[in-house]
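To start, the structure under review is shown below, and the notes come after it.
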2 protein chains.
Amino acid sequence: MRIGELAARTRMAPSTLRYYEQRGLLRPPERTPAGYRSYGDEAEQRLEFIERARAAGLTLTRIAQILDIRDSGASPCAHVQGLLDRRIVEIDEQLAQLALLRASIAELSVRAEQVPAEACTPASICSYL
Amino acid sequence: MRIGELAARTRMAPSTLRYYEQRGLLRPPERTPAGYRSYGDEAEQRLEFIERARAAGLTLTRIAQILDIRDSGASPCAHVQGLLDRRIVEIDEQLAQLALLRASIAELSVRAEQVPAEACTPASICSYL
DNA sequence: ATGGACCTTGAAGTAAGGTTGAAGGTCAAG
DNA sequence: CTTGACCTTCAACCTTACTTCAAGGTCCAT
């Protein structure tokens with residue numbers, strides 16, 4: 001399978017696959033006599049893994065580390081679990097901040113509601129915000 | 001308060017504060033006779049708001065828009081309130097998405113605990129993801 | 001009155017995650 | 001045998017969010 005087909009199957013751009021190769025996420029594939037990249041089916045699995053890891057919010061560098069561990073023959077599982085757990089902590093922090101932000105904006109909105117419409121003359125332009 | 005003190009209080013770099021000013025998140029402060037930026041206490045509140053919004057994953061551009069609404073009311077009140085309410089809806093969507101992401105990752109992590117390391121075959125790379 | 005900490009500006013650099021372009025090679029169909 | 005789609009490399013560019021640097025001004029203690 002050439003790069004275009006692999007790209008189509010995974011819905012990624014060929015340029016992205018070359019970039020992943022350069023970043024060490026994809027191993028350099030065989031080449032046809034003409035120099036075209038020639039991938040096996042396992043490349044598709046690998047890209048699906050990368051996509052899942054991306055969806056979980058892992059950076060390309062972290063994903064490359066996981067794949068390196070795998071490629072060197074060891075099991076990356078314990079490492080992956082550590083990454084996942086750290087990601088959960090990050091997301092919890094993000095959720096907390098988002099809730100605070102929501103409260104701040106909701107308060108602005110409530111204050112806006114309480115001001116009578118007459119206060120909103122062209123002359124006094126929303127000074128309450 | 002000069003930029004260094006404000007930076008220390010908010011644990012940001014002075015360069016970040018200048019950058020925020022340039023991006024329109026901080027309004028240009030007064031200047032001392034020597035040309036130094038001179039901030040009031042409200043700048044600290046504003047930076048705390050910015051930090052919450054950042055931690056919640058909003059871009060600087062979006063945050064600047066929210067702050068614009070708060071600062072200048074160039075728009076009619078109803079319009080401003082509409083913007084605030086739409087922002088709340090967006091934040092609620094973000095909260096929901098983030099909660100989903102957290103749930104997915106938490107589930108991955110729980111499964112990771114229960115699956116023996118042998119399940120990590122070279123083909124699947126890592127069964128957790 | 002001098003050294004060091006702090007401030008100014010504008011421009012350039014960095015990191016992440018790519019995309020785009022130039023210049024050219026390959027291959028199947030008509 | 002030419003056209004068009006697809007491939008190659010390398011380099012430059014993009015966005016977001018900053019940091020760093022160069023060159024210089026200010027403030028304060030010793």
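- For Arg11(B) and Glu51(B), the salt-bridge test fails: no basic side-chain N is under 4.0 Å from an acidic carboxylate O.
- Nearest to the side-chain atoms of Ala34(A) among the listed nucleotides dG18(C), dT26(C), dT8(C) stands dT26(C).
- Base contact: Arg18(A) has a heavy atom under 4.0 Å from a base atom.
- Read 5' to 3', the first and last nucleotides of DNA chain D with an atom closer than 4.0 Å to a heavy atom of chain A are dC6(D) to dT9(D).
- Under 4.0 Å is where a charged nitrogen must lie from a carboxylate oxygen, and between Asp92(A) and Arg87(A) no such pair does.
- Among the atoms of the strands shown, only primed sugar atoms or phosphate atoms (P, OP1, OP2) are found under 4.0 Å from some heavy atom of Thr59(A).
- Ranked by how close their nearest DNA chain D nucleotide is to the 5' end, Pro33(B) and Glu5(A) are led by Glu5(A).
- The side chain of Arg37(B) contributes an N or O atom lying less than 4.0 Å from OP1 or OP2 of dT9(C).
- Donor-acceptor pairing under 3.5 Å, judged by distance alone, is absent between the side chain of Tyr20(A) and the base of dG18(C).
- At a threshold of 4.0 Å, the pair Glu30(B)-Arg37(B) does not count as salt-bridged, since none of the basic side-chain nitrogens sits closer than that to a carboxylate oxygen.
- Residue Tyr36(B) is the one, among Arg23(A) and Tyr36(B), whose nearest nucleotide of DNA chain C lies closer to the 5' end (criterion: closest heavy atom).
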- Task: Could you go through the side-chain contact (heavy atoms from CB on, under 4.5 Å) check for Thr59(B) and Arg54(B) one step at a time?
- Result: CA-CA 7 Å; Thr59(B) 64; Arg54(B) 290 272 305 126; over 6 Å; no
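- Using a 4.0 Å heavy-atom criterion, one finds that Arg54(A) contacts the sugar-phosphate atoms exclusively.
- With salt bridges taken as basic N to acidic carboxylate O contacts below 4.0 Å, none links Asp68(A) and Arg27(A).
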- Under the side-chain contact (heavy atoms from CB on, under 4.5 Å) criterion, do Leu26(B) and Leu47(B) qualify, and how do the steps go? CA-CA 8 Å; Leu26(B) 291 183; Leu47(B) 284 167; 3.9 Å; yes
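- Between the CG atom of Leu17(A) and the P atom of dG18(C) there is a distance of 10 Å, rounded to whole Å.
- No engagement by Arg62(B) is indicated, since no non-hydrogen atom pair under 4.0 Å with the nucleic acid exists.
- Distance Tyr19(B) OH to dG13(C) P: 17 Å, rounded to the nearest Å.
- Rounded to whole Å, the distance from CG on Leu47(A) to P on dG17(C) is 15 Å.
- Ion pairing between a basic and an acidic side chain is recognised when a charged N comes within 4.0 Å of a carboxylate O; Arg9(A) and Glu5(A) show such pairing.
- One can place CD1 of Ile3(B) at 9 Å from C1' of dC7(C), the figure rounded to the nearest angstrom.
- Listed pair Ser15(A) / dT20(C) fails the phosphate criterion, with no side-chain N or O lying under 4.0 Å from OP1 or OP2.
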